[in-house]
Amino acid sequence: MSCLVTSLTQTADTTAPAPPLLISGGDVVNADQTFRADVLCVDGVIAAVGLDLDVPEGTQVVDATGLLVMPGGVDTHTHCRLPFMSTVAIDDFETGTRGALCGGTTSIIDFVIPSPGQSILAAFDQWQEWAADAQCDFGFHVAITWWSDQVEEEMGILTRERGVASFKHFLAYKGALMLDDEALYNSFTRAKELGALCTVHAENGEMVYRGQMKMLEAGITGPEGHPWSRPVECEAEATDRALRTGEFINTPVYIVHVSCKEAMDVVARAKAAGQVCYAEVLAGHATIDDSVYFQEDKRAAMHYVMSPPFRPAGNPDALINALAAGVADTTATDNCTFCTEQKSMGADDFTKIPNGTAGIEDRMSVLFDRMVVQGAIDVNKFVAVTSTNAARIFNMYPRKGVIAVGSDADICVMDPNAKRVISVNTHHVKVDFNPWEGREVTGVPAFTVCAGRLVWKAVIADGVADWAAGEFSGVKGSGRYIERPCFGLPFETVPVTDKLREKQPIQRAE
Ligand code: URP
Ligand code: ZN
Ligand code: ZN
């Protein structure tokens with residue numbers, strides 16, 4: 001697939017109910033247990049889980065013998081159609097969610113990113129319009145990119161009336177999205193009052209800016225300047241600042257795309273000290289190192305420019321270990337794609353290369369291969385870090401993140417033994433580059449069920465998937481907005497810890 005390919009999507013009646021569907025013969029894998037059961041989906045939800053189920057006439061049957069029936073992936077971090085760095089991400093809600101579904105991901109949480117000065121409510125409405133083409137369910141984090149009484153007021157409206165339960169804060173991108181400490185403090189305080197989770201892109205924007213200037217002054221204009229200008233200390237400092245700010249205010253904090261051991265150590269310290277905080281790991285950061293920036297092929301090197309950057313060898317394994325140990329909680333992709341033409345805007349100045357890479361389609365396979373097949377975690381933990389933890393933290397559980405009666409029928413049927421080779425020539429997103437080009441992975445989403453509808457069927461012969469031959473039958477516009485209430489799991493202990501922290505004046509004798 002390339003930037004030129006526009007649509008594989010059906011334009012069928014999105015309101016037509018899916019026929020009942022039975023996934024039979026597989027092993028159901030949840031975060032807490034694995035068991036042999038069939039799964040019956042009716043009207044978009046899971047109607048029954050068990051053996052010898054009564055099924056309605058006309059039920060479509062998927063044979064999952066030898067396969068793992070797990071909750072569809074939840075990608076907590078995507079940027080479909082993001083206007084960013086003087087261009088717009090090429091994969092929009094239609095093509096981004098197409099890739100998601102082919103790869104076994106059935107829900108995304110994207111980001112509304114208002115321009116500084118813009119009404120955050122107006123930005124939310126704009127993103128909703130763009131997301132009307134989504135083919136799987138989606139939620140929104142809303143970025144706070146400036147501060148005013150209006151922002152404070154609109155945060156209240158978003159949480160109370162629009163189902164927003166998390167806000168995003170950029171400590172990077174000086175002169176654009178970056179928040180200063182005062183705005184960060186104000187937003188954290190307001191979010192706590194509303195019961196919304198604060199998420200943070202933790203890189204020190206001032207240090208990054210100075211690093212970029214240093215590189216350019218030294219004549220380093222190529223993509224290698226990107227990782228060199230924003231080394232791990234930029235991320236460790238900002239991670240610590242974000243977490244300490246949350247600790248001081250006593251509000252939960254979620255650090256997005258933790259990319260290096262130094263920042264993860266900061267998270268581990270905070271968790272060990274009892275702070276309610278979470279870390280997200282990107283499939284890319286966990287499986288690719290910074291050697292990609294130093295290759296001869298400049299076009300490819302530019303395609304890897306994203307923030308935080310891919311890190312020196314050793315860091316990807318540290319991220320995997322953090323997920324295995326429970327220091328990191330979720331996995332995502334930060335899918336934010338730009339074609340070669342767009343990346344070339346920074347051909348002579350790496351600071352102008354639009355930041356972002358693909359991943360939405362390949363996260364489940366790449367992580368299954370790296371984590372389960374290579375023995376870092378078991379399949380239950382895989383489910384925890386690819387869907388359940390995200391659903392709990394972002395208050396979508398048990399609608400998402402579990403195979404159980406009453407949950408949405410969003411299911412990834414994984415073939416744990418099949419292999420596929422990842423390539424731009426066969427992927428289903430639009431961008432003309434794939435960061436895992438040529439990588440063979442074991443663990444193939446054989447079927448994806450979304451809202452009870454079979455939307456992806458891989459073609460697997462002799463244990464090898466022909467990815468291009470798979471049948472995609474998603475429906476443009478069928479994705480629903482996931483309204484998320486506030487005061488979810490992260491806030492459970494806050495009233496108690498607030499109370500414990502209360503101070504009283506010391507009564508002294510005059
Ligand atoms: O490089 C990235 N990650 N682009 C998307 C915006 C962000 O920082 O998350
Ligand atoms: Zn970011
Ligand atoms: Zn991002």
Side-chain angles (χ1 to χ4, degrees), residues 76-77 111 141 143-145 147 165-173 177-208 230-282 285 307-308 311 315 318-319 321-323 325-332 334 385 389-390 392-394 488-498 500-501:
T76 50
H77 191 148
F111 290 83
H141 314 283
I144 302 303
T145 53
W147 191 254
S166 45
F167 292 100
K168 167 81 174 282
H169 307 81
F170 287 95
L171 302 185
Y173 304 121
L177 305 173
M178 184 175 108
L179 281 187
D180 62 19
D181 285 354
E182 184 182 357
L184 184 74
Y185 191 94
N186 287 335
S187 180
F188 272 32
T189 305
R190 176 67 169 148
K192 178 184 180 184
E193 193 174 276
L194 299 167
L197 181 58
C198 290
T199 77
V200 181
H201 172 138
E203 285 182 293
N204 181 314
E206 185 62 35
M207 286 161 70
V208 169
R230 49 205 316 147
V232 294
E233 51 269 31
C234 301
E235 188 177 342
E237 185 284 328
T239 305
D240 198 46
R241 182 157 36 106
L243 290 175
R244 296 288 187 182
T245 304
E247 182 185 27
F248 184 77
I249 296 169
N250 194 31
T251 198
V253 178
Y254 177 100
I255 308 292
V256 305
H257 51 41
V258 178
S259 73
C260 59
K261 182 176 181 308
E262 284 76 358
M264 197 60 85
D265 286 346
V266 172
V267 175
R269 178 213 56 76
K271 284 196 175 192
Q275 190 175 347
V276 180
C277 59
Y278 306 96
E280 172 191 273
V281 169
L282 303 185
H285 285 147
S307 300
R311 297 301 192 182
N315 284 286
L319 302 183
N321 292 340
L323 284 162
V327 172
D329 304 275
T330 59
T331 58
D334 203 356
V385 300
N389 291 353
R392 285 187 196 276
I393 293 166
F394 290 108
L489 173 80
F491 282 85
E492 266 181 17
T493 56
V494 170
V496 179
T497 47
D498 267 349
L500 290 170
R501 283 159 169 248

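The figures here come from the full heavy-atom set of this structure, side chains too, leaving out hydrogens, waters and symmetry mates. For the single chain, residues carry numbers from 1 onward in sequence order.
Among V232, L319, D265, the single residue meeting the side chain to side chain contact (heavy atoms under 4.5 Å, CB included) criterion with C260 is V232. When each of I393, T330, D334 is tested with E280 by the rule side chain to side chain contact (heavy atoms under 4.5 Å, CB included), just one qualifies, namely T330.
Between L243 and Q275 there is a side-chain heavy-atom pair separated by less than 4.5 Å. Between T251 and F491 the shortest side-chain heavy-atom distance falls below 4.5 Å. Within the 4.5 Å cutoff, side-chain heavy atoms of L171 are placed close to those of V200. I255 has its side chain out of reach of Y278: every pair of non-hydrogen atoms, C-beta onward, lies at least 4.5 Å apart. Contact check for M207 versus E233: side-chain heavy atoms found under the 4.5 Å cut-off. Put simply, the side chain of E206 does not reach to within 4.5 Å of the side chain of E237, judged on heavy atoms.
For A270 against C277, the heavy-atom pair with the smallest separation is CB-SG, 3.8 Å. Of all non-hydrogen atoms in E262 and A236, the two that sit nearest each other are CB-CB, 4.0 Å. Scanning both residues, L197 and V253, for their nearest heavy atoms gives CD1-N, 4.1 Å. In this structure, G205 and M178 approach most closely via the heavy-atom pair CA-SD, 3.5 Å. Taking every heavy atom of both residues into account, P490 and P252 meet most closely at O-CG, 3.2 Å.
Using modelled atom types, no side-chain atom of S187 and backbone atom of L184 make a donor-acceptor pair closer than 3.5 Å. Checked by atom type and distance alone, the side chain of N315 pairs as donor or acceptor with a backbone atom of K261 at under 3.5 Å. S259 places no side-chain N or O within donor-acceptor distance of the main-chain N or O of H285, the cut-off being under 3.5 Å. In terms of modelled atom types and a separation under 3.5 Å, the side chain of E203 and the main chain of S307 share no donor-acceptor contact. Looking at T239, its side chain never comes within 3.5 Å of a backbone N or O of V266 through a donor-acceptor pair.
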*asked:* K168 vs T145, test: side chain to side chain contact (heavy atoms under 4.5 Å, CB included). Steps then yes/no.
replied: CA-CA 8 Å; K168 167 81 174 282; T145 53; over 6 Å; no

Yes or no on salt bridge (Lys or Arg N to Asp or Glu O under 4.0 Å) for D498 and K192, after CA distance, side-chain angles and deciding distance?
CA-CA 11 Å; D498 267 349; K192 178 184 180 184; 2.7 Å; yes

Exercise for review: Under the ring pair (Phe, Tyr, Trp, His ring centres under 6.0 Å) rule, what do F170 and Y173 come out as? Steps first, then yes or no, please.
Suggested key: CA-CA 7 Å; F170 287 95; Y173 304 121; 5.7 Å; yes

One pair to check against side chain to side chain contact (heavy atoms under 4.5 Å, CB included): W147 and R190. What are the steps and the verdict? CA-CA 11 Å; W147 191 254; R190 176 67 169 148; 3.9 Å; yes

For this session: Tell me, with the steps shown, if E235 and R311 meet salt bridge (Lys or Arg N to Asp or Glu O under 4.0 Å).
Result: CA-CA 11 Å; E235 188 177 342; R311 297 301 192 182; 2.8 Å; yes

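In this structure, F394 and H141 have perpendicular ring planes: the angle between them is above 60°, well past the 30° mark.
Note: T245 OG1 to D240 CG = 9.0 Å, rounded to the nearest 0.5 Å. Once rounded to the nearest 0.5 Å, the distance linking OG1 of T76 with CG of L282 reads 8.0 Å.
Taking the six-membered ring for Trp, F188 and F167 have ring centres at least 6.0 Å apart. Ring centroid separation for the pair H201 and H169 does not come in under the 6.0 Å cut-off.
Checked for salt-bridge contact, D329 and K271 meet the test: a charged N lies under 4.0 Å from a carboxylate O.
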